[in-house]
Amino acid sequence: MSDRYEAQEIEAKWQQKWNDAGIDAAHDDDERESYYCLVMFPYPSGNLHMGHVRNYCLGDAVARYKRMNGFNVLHPIGWDAFGLPAENAAIKHNRPPAEWTYANIDQMRTQLKRLGLSYDWSREIATCRPEYYRWEQWMFTRLMEKGLAYQAEAEVNWCDPCHTVLANEQVVDGVCWRCDTAVKRKNLKQWFIRITDYAEELLADLDTLTGWPEKVVGMQRNWIGKSTGAEVSFGLEGSEETLDIFTTRPDTLMGVTYMAVAAGHSLAQKAARSNPELAVFLEECSKISTKEADVETMEKKGMATGFNAVHPISGELVPVWVANFVLMGYGTGAVMSVPAHDVRDYDFARKYGLPIKQVIRPADGEWDIETAAFTEAGVLMNSARFDGIASLEAKSAITGWLAEHGKGSVKIQYRLRDWLVSRQRYWGAPIPVVHCETCGAVPVPEDQLPVELPIDLQPTGGASPLTECEAFKHTSCPACGKPAVRELDTFDTFMESSWYMNRYTSPRNTDAMVDGSAMQRWAPVDQYIGGVEHAVLHLLYARFYHKLMRDAGLFTSEQGGDEPFRNLLTQGMVLKDGTKMSKSKGNTVDPKAIIERFGADTARLFTLFAAPPEKELEWNDAGVEGGHRFLKRVWRLLERIDVTEGEEDAAAVQVMRRTIHATIQRVTYAFEHGFAFNVAIAALMELTNALQDFKPAGSAGKAAYREGVEVVATMLAPFVPHFACELGELLGMEQMAVVSNWPQVDAAALVQDEITLVVQIQGKKRGEITIAKDAGQDVAMAAAQADASINKWLDGMQIAKVILVPGRLLNIVVKPA
RNA sequence: GCCGGGAUGGUGGAACUGGUAGACACAAGGGACUUAAAAUCCCUCGGUAGAAAUACUGUACGGGUUCGACUCCCGUUCCCGGUACCA
């Protein structure tokens with residue numbers, strides 16, 4: 001048994017033993033310090049792909065390392081089980097989404113278990129179960145009561161032939177993915193949650209996220225997009241109404257030469273009634289998809305409405321245009337245009353022959369406005385009483401004047417928009433609202449929750465089958481008791497993924513969404529690991545939801561924190577042949593095949609070794625074999641474990657022990673700083689190579705060799721737990737490797753009397769010298785000059801400068817004598 | 001378009017806070033063992049010149065700062081992620 005490494009047998013054996021010993025359970029009642037390690041739960045698409053494997057191997061390494069360091073670890077898993085792919089699969093196979101979803105969950109659970117991941121399976125959750133989503137329904141009714149949830153019109157991508165709303169993903173080059181018909185924008189009354197009420201806190205608390213990658217914090221900051229500017233009321237010629245806009249550049253107000261409104265703006269709609277040409281243009285505008293990338297990259301077009309706006313300061317008339325790039329959902333759906341000082345306005349003005357009026361000039365020098373827009377700050381000109389003022393002061397001067405005259409005010413604007421949570425889909429959590437002719441939109445009372453989704457409906461590709469489910473649709477009004485109809489939209493699936501991390505702390509709680517004391521024990525998540533593609537949306541919604549839960553009184557800041565994730569690791573994607581693995585490209589690698597051929601440990605080892613966690617990982621079948629070869633090499637270290645060869649060599653033992661303890665230091669560092677497991681595993685390979693070359697001579701040699709092999713077995717445990725346990729057993733280690741104590745560095749073993757110093761001349765390496773550890777510059781220089789291969793570069797030269805970097809290098813700067 | 005990230009040998013990657021570029025692997029080539037194969041072990045392995053010692057050159061591209069730059073600054077190209085209804 002011990003002479004060959006048989007992965008399949010070993011892995012089955014240890015998974016059974018771990019299960020029997022219950023070592024993966026998180027204990028709600030425990031003296032030890034808690035540690036919460038969370039990986040992003042998967043969408044149950046049916047098969048585990050390499051991205052999952054990578055994510056979960058990283059999380060498992062962290063969880064196991066923390067257990068070996070004495071922590072009581074919560075490492076849960078579950079299923080993000082609502083969503084669009086289930087409906088697509090349902091149409092394809094003509095089976096209800098629920099069936100497909102639950103079958104996939106069973107299959108993927110088996111695959112996860114085969115990998116030997118140390119989850120506490122007793123806490124498994126699936127978001128499509130009423131026991132789960134009832135609490136987000138409950139939360140939504142609370143938000144309605146607080147005025148944080150509201151209904152408003154919003155545009156969707158609509159496909160006429162399919163008679164359905166399309167997700168952005170389903171719009172390809174402006175047409176429906178199924179029937180190739182051009183999509184149309186359509187207004188629907190939908191539910192929103194006021195995330196903008198929390199914009200300031202979401203922004204401010206980014207500063208507390210010191211354990212997050214800076215790039216993610218930056219992306220969130222930009223997404224929230226706080227800008228300070230002014231709201232300005234323009235008049236409308238021959239009308240009492242005003243045209244209100246927001247601008248970040250009130251200093252350029254005197255340069256406004258036209259206004260631009262969205263196609264959906266009331267002014268545009270009004271103008272189109274008497275202008276057929278404009279009506280055609282508006283129709284054309286309604287055919288752009290709602291994707292930001294499409295809107296921003298299309299050709300900028302516009303048309304005059306015939307209306308004129310009245311400038312709030314000069315009283316001059318400026319034309320109001322409709323422009324296809326102005327978005328109804330942003331601000332007021334109207335903007336002021338200053339072509340002289342904004343690139344997009346400049347291009348638009350040039351295209352349509354609109355006037356360009358320069359009102360800012362550079363503080364020093366001239367600017368040719370005929371050539372390009374001047375977008376920097378400067379000094380005002382052509383601005384009547386504001387002439388000569390610098391941009392910065394002009395902003396407050398002009399805003400102040402507007403405020404005095406009731407035509408504007410300082411305004412803080414966020415790019416962040418309220419969270420649209422309605423989806424016109426079936427496979428999602430029902431929105432717990434009843435629409436009553438008398439009482440309006442009424443939240444479903446707590447004692448009637450959950451509003452259960454009928455699970456046996458069959459989507460057809462058209463409208464959601466929920467809209468045709470009479471049994472679901474008809475109910476009575478919770479307020480007045482009269483017949484009423486249920487809300488037929490379901491929640492955005494980001495709703496479920498926004499609070500699952502907190503649910504794991506008390507996953508079977510039937511009395512409340514979460515339990516304050518369980519939150520106190522576990523929350524916030526100590527380490528969250530998942531794909532960087534979630535850097536903005538999922539992570540922002542989860543942060544927001546955490547604050548909503550706190551403010552609903554489910555836990556206090558002291559119990560659950562103000563933020564859900566203390567530390568974040570964003571892993572890169574798994575690629576094959578330089579591109580993302582996908583079925584359509586036919587370049588997928590099935591983890592199952594790797595596991596069957598080499599075992600779970602080899603699959604785990606390779607995914608961790610092949611690339612640093614945050615970088616993309618290029619899959620390489622040959623590399624997998626290399627990983628397997630390494631395990632076999634470690635295995636063979638056992639052959640010499642009780643062998644002694646030759647005379648004891650104290651110096652060799654000292655070098656060996658230094659290597660062992662330097663490796664402990666390096667591997668431990670990887671776990672404590674950034675999880676560079678590729679480097680940690682490389683260090684373990686180096687140690688293995690050193691042990692292979694080491695002659696275990698005499699009792700000290702034999703002891704050093706055994707120490708080294710035991711250290712390798714123990715430190716491999718977070719990465720290849722089955723292998724490490726088997727090796728540990730064969731070594732006669734007292735405990736299973738996965739529950740052993742993490743090795744400690746013996747500082748004495750690291751001490752070195754002499755060090756090697758690189759010698760450079762003019763910054764180029766010319767040799768090495770060996771000197772005493774704490775020798776000074778004089779000693780180093782003497783040693784350098786005593787070395788012929790170094791000294792030849794000093795011949796005929798005058799030493800201009802000497803730089804000594806202690807422990808690293810000596811750089812000698814010379815010039816001709 | 002906008003926001004964020006990346007680019008180092010034939011390949012994946014390493015290089016601490018600006019201090020030896022290429023650790024550790026993979027592939028390839030050569031050799032040992034074997035009747036043979038597999039497995040295993042040993043050697044070579046950025047480029048140019050050289051028998052070698054060695055020298056020059058080299059971290060996407062063009063500049064800059066520095067005694068010293070893969071690392072910092074300015075500009076450029078290409079690739080990837082996100083862009084609010086994929087999750």
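What's counted below: heavy atoms across the whole structure, side chains too, no hydrogens, waters or symmetry copies. In this text the structure is predicted, and so the values were computed from the model without any measurement.
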| task | Any chance you could lay out the salt bridge (charged side-chain N to carboxylate O under 4.0 Å, His left out) test for A:Glu614 and A:Lys215, step after step, and finish with the verdict? | result | CA-CA 12 Å; A:Glu614 62 284 351; A:Lys215 64 168 175 174; over 6 Å; no

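- Rounded to the nearest 0.5 Å, atoms OH (A:Tyr528) and CH2 (A:Trp212) are 9.0 Å apart.
- By the side chain to side chain donor-acceptor pair (under 3.5 Å) test, A:Thr668 pairs with A:Trp742, sequence neighbours left out.
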| task | For nucleotides 2-12 of chain B, just jot down a letter per nucleotide in 5' to 3' order: B, S or -, based on protein non-hydrogen atoms under 4.0 Å. | result | -SSS------B

Using a cut-off of under 3.5 Å, enumerate the N/O to N/O pairs linking the protein to nucleotides 52-55 of chain B.
none

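- The distance from atom CE of A:Met685 to atom C1' of B:C24 is 7 Å, rounded to the nearest whole Å.
- Within 4.0 Å (heavy atoms only), A:Gln190 reaches at least one base atom of the nucleic acid.
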Each nucleotide N or O in nucleotides 38-41 of chain B that has a protein N or O under 3.5 Å away: list the pair and distance.
from	atom 1	to	atom 2	distance (Å)
B:U40	O3'	A:Arg636	NH2	3.0
B:C41	OP1	A:Arg636	NH2	3.2

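- Partners of A:Arg636 by salt bridge (charged side-chain N to carboxylate O under 4.0 Å, His left out), not counting sequence neighbours: none found.
- Not counting sequence neighbours, the partners of A:Trp419 by the ring pair (Phe, Tyr, Trp, His ring centres under 6.0 Å) test are A:Tyr541.
- A ring-centre distance under 6.0 Å is found for A:Tyr132 and A:Trp499.
- No close placement of the A:Phe491 and A:Trp191 rings is indicated, their centers lying 6.0 Å or farther apart.
- Heavy atoms of A:Leu416 sit under 4.0 angstrom from at least one base atom.
- With no hydrogens or angles considered, no side-chain donor-acceptor pair links A:Asn222 and A:Arg415 at under 3.5 Å.
- For A:Arg423, the salt bridge (charged side-chain N to carboxylate O under 4.0 Å, His left out) criterion is met by A:Asp492, not counting sequence neighbours.
- The residue among A:Met573 and A:Leu166 whose nearest nucleotide of RNA chain B is located toward the 5' end is A:Met573.
- Residues satisfying the salt bridge (charged side-chain N to carboxylate O under 4.0 Å, His left out) test with A:Glu87, not counting sequence neighbours, are none.
- A:Pro612 comes within contact range of the sugar-phosphate backbone alone, with a heavy-atom separation under 4.0 Å but no base atom that close.
- Two rings, from A:Phe325 and A:Phe348, have their centers less than 6.0 Å apart.
- Contacts of A:Thr493 with the nucleic acid, taken as non-hydrogen atoms under 4.0 Å apart, involve only primed sugar atoms and P, OP1 or OP2.
- At a threshold of 4.0 angstrom between heavy atoms, the contacts of A:Met298 with the nucleic acid are absent.
- Across all strands shown, A:Ala622 has heavy atoms under 4.0 Å from sugar-phosphate atoms exclusively, and none from any base.
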| message | Could you write out RNA chain B as dot-bracket? Rules: Watson-Crick or G-U wobble, both distances under 3.5 Å, brackets [ ] for crossings, | for pairs with another strand, dot for unpaired. | response | (((((((..(((......[....))).(((((.......))))).((((....))))..(((((..]....))))))))))))....

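- Checking B:A25, B:A87, B:A23 against the side-chain heavy atoms of A:His534 singles out B:A87 as nearest.
- The stretch residues 662-681 of chain A comes close to RNA chain B through A:Asn678, A:Val679, each having a heavy atom under 4.0 Å from the strand.
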Expected rows: protein N/O vs nucleotides 65-69 of chain B N/O, under 3.5 Å:
from	atom 1	to	atom 2	distance (Å)
B:C67	O2	A:Asn811	ND2	2.3

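- Under the rule for a ring pair (Phe, Tyr, Trp, His ring centres under 6.0 Å), the partners of A:Trp158 that lie at least two apart in sequence or sit in another chain are A:His163.
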